[in-house]
Amino acid sequence: MHLFLPPHHDGSALYVPTRTPRLGEQVPVRLRVPGPAPEAVWLRVVEDGEPRVYPATLTDTIDDEHWFTAHVPMTNPVTSYRFLLVGEQYDGGQAWLNGEGLIARDVPDASDFRLTTTEPGPAWARDAVVYQVFPDRFARSAAADQRATPDWALPAQWGDEPIGGGPGTGTQFYGGDLTGIEEHLDHLERLGVTTLYLTPSFPGRSNHRYDAATFDAIDPLLGGDDALASLADAVHRRGLRIVGDLTTNHTGDAHDWFTRAQDPASVERSFYYWTDTAPGYVGWLGHASLPKLNHNDPALQDRMARVVTRYLDAPFHLDGWRIDVANMTGRQGADDLTHEVSRRVRSTIESVRPDGVLIAEHFHDAGVDLTAGGWHGTMNYSAFTRPVWSWLAADSDLRYVEMPSPIPHRRGPAVVAAMRDFGAAVPWSVTTRQWNLLGSHDTPRIRTVLGSRDRVEVAAGLLFTYPGTPVLFAGDEGGAVGTNGEHARVTMPWSQIEAGGGPDWDAETFEVYRSLIALRAAHPALREGGLRWVVIEDDAIGYLRETADERLLVLATRAPWAGAELPASLGTALNVYGGAELGSARALPTHGPTFQVWTLG
């Protein structure tokens, strides 16, 4: 069989040349239809809540591809649209094309394409490769030996296995610090990542530091303010970026704001939600150690703005923030202030650093929150992590991200459908800045989920070629293992890394990651191009990443499959990853697991 080449549209420049439309502008949108031309194409746009229909015009035919153009009136700040194709080749004589694909039935508006007048965010964030570091576990400098172990901590030796649950989970303390990170920036450069993302650096009474005791200083156990300033300066001198982690949803119960809030007459009293039942205030998900912030209070809004700007400005110069528990920030009972908070934080960032990035933590459907003009993107568990896991996971009882059930095993069509469903819920400008990840400090390690190096290569291949910003958790590049978020927070085995490998460091996996990052850097289509699905089989999925100047074919397989032929219309194929040359038969490889990329044209 030949590759599946359906009618296609996405938000990339090849189909929507206007980067950021203005309200009232007529925005050209293009539709690509391979094979027989439809009898007619219509554009359906929702304007002020009412659907309107406009004709699309055939503007070009190249080989066997027909290009139609229509214009979307930007009546609203977020304007949704889809195409109607009419012709006998469609079931029932017509079909809709929306973000889920070609559908020969009536569909709701939820998966329509979207244009937004909101600026998409900095280009560097779209092009970045992000490296997540959990400071306690990355590297320990000599200075750490001179610091006293805090009273809350359970001391551990570097290389000890992390506690995966029960007593000591949040207090096991290895003593990694910011100077240790600075001393190992060569590793980041050798890998090819461009952005360092640090989980919280504020003082707390836990190893994760999401229970901040203050936002006014960096934890002395990490080296304090001077260590963060030095690290940020070293990062920037290498041409890299650095992003911090902030909890806008809650503080720790030892936080100086919360301490002062015990006085009913204090300004800080209204920073929190208070109750008549024990412990007397609202804790995040019932945790008394994490009192919930009340963003109704203008004084809290001002105080939080000062925190946001303090670390974007000298001497730290952070390049943006990842916001913890962003989906719950500003939401409590009848209060729903999340969109206001996100827009306010974004505006505050841009007032100090116009090219600053703002990323939200969100484990489920973030579509509603990502059209509000606040967050640039989320940690993309729904549209990337979970689908990839469910396609490639080994048999195990590991939890399916935040769900209480084991990871399911799904076929390619269901996996692609999930990726398209969640992707269709947001504008393309958001899709290209979503933080795609195979795992984080809150999940099992990808090597443990998948069970083998070859499947890790397939997953990593998808990570570095799919639209969005790839994020890897420090250690994944060396095959780190772990059965849940806490157990996965392993220390970096520096002696083995420097020796070129060892029982806790897989040098071949490191080379896979390094090569895939280099591939992404070498091909603009992998950072800027559209996404056209062309292989959707049980054991194989594949897509085209295309710009006006470049086209790449990506193929991922988890097991042997029936295969397909490359149509002549896609041009000659040159393998740039995986080593499979197509030859004169132009047949895609049928073995698996494998990950392959070709340039076409």
Quiz item: Can you list every pair that meets salt bridge (Lys or Arg N to Asp or Glu O under 4.0 Å) and has a residue in residues 266-284, with sequence neighbours left out?
Solution: R260-E268, E268-R303

Self-check item: Partner residues of A299 under the side chain to side chain contact (heavy atoms under 4.5 Å, CB included) criterion, sequence neighbours left out
Solution: V267, F271, D297

Exercise. First locate atom OG1 of T251, then atom CG of L290, and finally report the distance between them rounded to the nearest 0.5 Å.
Key: 8.0 Å

Self-check item: Polar side-chain atom of T448 near backbone of P444 as donor-acceptor pair, under 3.5 Å
Solution: no

Distance-only criterion, 3.5 Å: show the donor-acceptor pairs between side-chain atoms of residues 312-321 and protein atoms not counting sequence neighbours.
residue : atom : partner : partner atom : Å
H317    : ND1  : R353    : NH2          : 3.4
D319    : OD1  : R241    : NH1          : 3.3
D319    : OD2  : H236    : NE2          : 2.7
D319    : OD2  : I242    : N            : 2.9
W321    : NE1  : V308    : O            : 3.2

Self-check item: Sequence-distant partners of T20, side chain to side chain contact (heavy atoms under 4.5 Å, CB included), two or more places apart
Solution: E119, P120

Quiz item: How are the rings of Y81 and F113 set relative to one another: parallel (under 30°), tilted (30 to 60°) or perpendicular (over 60°)?
Solution: tilted

Quiz item: V107 versus N98: any side-chain heavy-atom pair under 4.5 Å?
Solution: yes

Exercise. Could you check T378 against Q434 for side-chain contact (heavy atoms from CB on, under 4.5 Å), going step by step and ending with a plain yes or no?
Key: CA-CA 5 Å; T378 64; Q434 294 277 60; 3.2 Å; yes

Quiz item: With a 4.5 Å limit on heavy-atom distance, are the side chains of D476 and R445 in contact?
Solution: yes

Exercise. For residues G356 and I349, report the shortest heavy-atom separation together with the two atoms involved.
Key: CA-CG2, 3.8 Å

Quiz item: Are the side chains of L300 and Y272 in touch, meaning some heavy atoms are under 4.5 Å apart?
Solution: no

Quiz prompt | Under 3.5 Å: donor-acceptor pair, side chain of S382, backbone of H364 | solution = yes

Quiz item: Heavy-atom distance under 4.5 Å between the side chains of P470 and R520, does that happen here?
Solution: yes

Practice problem: Under the side chain to side chain contact (heavy atoms under 4.5 Å, CB included) rule, collect the residues that match up with V46, sequence neighbours excluded. | Solution: R44, S80, D109

Practice problem: Could you walk me through whether R147 and D219 pass the salt bridge (Lys or Arg N to Asp or Glu O under 4.0 Å) test, one step at a time? | Solution: CA-CA 12 Å; R147 301 181 190 120; D219 194 340; over 6 Å; no

Quiz item: Does a side-chain heavy-atom distance below 4.5 Å link P162 with Q172?
Solution: yes

Practice problem: First locate atom OG1 of T247, then atom CE of M304, and finally report the distance between them rounded to the nearest 0.5 Å. | Solution: 7.0 Å

Quiz item: Are the side chain of E182 and the backbone of A234 linked by a donor-acceptor contact shorter than 3.5 Å?
Solution: no

Quiz item: If you round to the nearest 0.5 Å, how far is CG of N436 from CG of L463?
Solution: 6.5 Å

Quiz prompt | Residues which pass salt bridge (Lys or Arg N to Asp or Glu O under 4.0 Å) with D253, listed by chain and number, not counting sequence neighbours | solution = none

Practice problem: Side-chain contact test, heavy atoms from C-beta onward, threshold under 4.5 Å: evaluate it for N484 versus D442 and give yes or no. | Solution: no

Self-check item: Heavy-atom closest contact (A383 atom, G423 atom, distance)
Solution: CB-N, 4.2 Å

Quiz item: Would T275 and V282 satisfy side-chain contact (heavy atoms from CB on, under 4.5 Å), going step by step from the backbone distance to the final call?
Solution: CA-CA 7 Å; T275 69; V282 174; 3.7 Å; yes

Quiz item: Looking at residues at least two apart in the chain, or sitting in another chain, which of them share a side chain to side chain donor-acceptor pair (under 3.5 Å) with D151?
Solution: R205

Quiz item: Does any N or O in the side chain of D225 come within less than 3.5 Å of the main-chain N or O of I218, such that one atom is a donor and the other an acceptor?
Solution: yes

Quiz item: Are any of the side-chain nitrogens in R306 or D302 under 4.0 Å away from the carboxylate oxygens of its partner?
Solution: no

Quiz item: So among R209, H208, Q132, R322, which one has a side-chain hydrogen bond (donor to acceptor under 3.5 Å, both in side chains) with D245?
Solution: R322

Practice problem: First locate atom CG of L228, then atom CG of L222, and finally report the distance between them rounded to the nearest 0.5 Å. | Solution: 9.0 Å

Quiz item: Between Y273 and Y281, does the ring centroid distance fall short of 6.0 Å?
Solution: no

Quiz item: Do you know which of H287, H441, H250, H255 makes ring-ring contact (aromatic ring centres under 6.0 Å, His included) with Y210?
Solution: H441

Quiz item: Do N207 and Y174 have side-chain N/O donor and acceptor atoms under 3.5 Å apart?
Solution: no

Quiz item: Will you find, in the side chains of E161 and H487, an N or O donor that is under 3.5 Å from an N or O acceptor?
Solution: yes

Quiz item: Do S111 and E100 have side-chain N/O donor and acceptor atoms under 3.5 Å apart?
Solution: yes

Exercise. Mind running side-chain contact (heavy atoms from CB on, under 4.5 Å) on R346 and W375 for me, showing each step along the way?
Key: CA-CA 7 Å; R346 178 167 172 170; W375 321 122; over 6 Å; no

Quiz item: Is there a side-chain contact between N76 and V78 (heavy atoms, below 4.5 Å)?
Solution: no

Quiz item: Is a side-chain donor-acceptor pair under 3.5 Å present for T75 with D48?
Solution: no

Quiz item: Please walk me through it: do N249 and D324 pass side-chain contact (heavy atoms from CB on, under 4.5 Å)?
Solution: CA-CA 7 Å; N249 177 72; D324 182 56; 5.9 Å; no

Quiz item: In Å, rounded to the nearest 0.5 Å, how long is the span from OG of S440 to CH2 of W435?
Solution: 11.0 Å

Self-check item: Positive for side-chain contact (heavy atoms from CB on, under 4.5 Å) with H362, one of N327, L370, N380, V325
Solution: N327

Exercise. Under the salt bridge (Lys or Arg N to Asp or Glu O under 4.0 Å) rule, collect the residues that match up with R344, sequence neighbours excluded.
Key: none

Quiz prompt | Inter-residue atom distance I323.CD1 - M379.CE, 0.5 Å rounding | solution = 12.0 Å

Practice problem: Assess the side chains of T248 and T329: does a donor N or O sit below 3.5 Å from an acceptor N or O? | Solution: yes

Quiz item: Looking at side-chain heavy atoms only, is the closest gap between V471 and L438 below 4.5 Å?
Solution: no

Quiz item: Mind checking what makes salt bridge (Lys or Arg N to Asp or Glu O under 4.0 Å) contact with R331, not counting sequence neighbours?
Solution: D336, D369

Quiz item: Under the side-chain hydrogen bond (donor to acceptor under 3.5 Å, both in side chains) rule, what pairs show up with a residue in residues 416-431, not counting sequence neighbours?
Solution: none

Quiz prompt | Any donor-acceptor pair under 3.5 Å from Q262 side chain to F258 backbone | solution = yes

Practice problem: List in chain and number order the residues that pass salt bridge (Lys or Arg N to Asp or Glu O under 4.0 Å) with R447, two or more places apart in sequence or in another chain; answer none if no residue qualifies. | Solution: D506

Self-check item: Aromatic centroids of H409 and W391 separated by under 6.0 Å
Solution: no

Quiz item: So, the side chain of T491 versus the backbone of G159: is there a donor-acceptor pair under 3.5 Å, distance only?
Solution: yes

Quiz item: Which pairs, with at least one residue in residues 380-392 and sequence neighbours excluded, count as a salt bridge (Lys or Arg N to Asp or Glu O under 4.0 Å)?
Solution: R386-E402

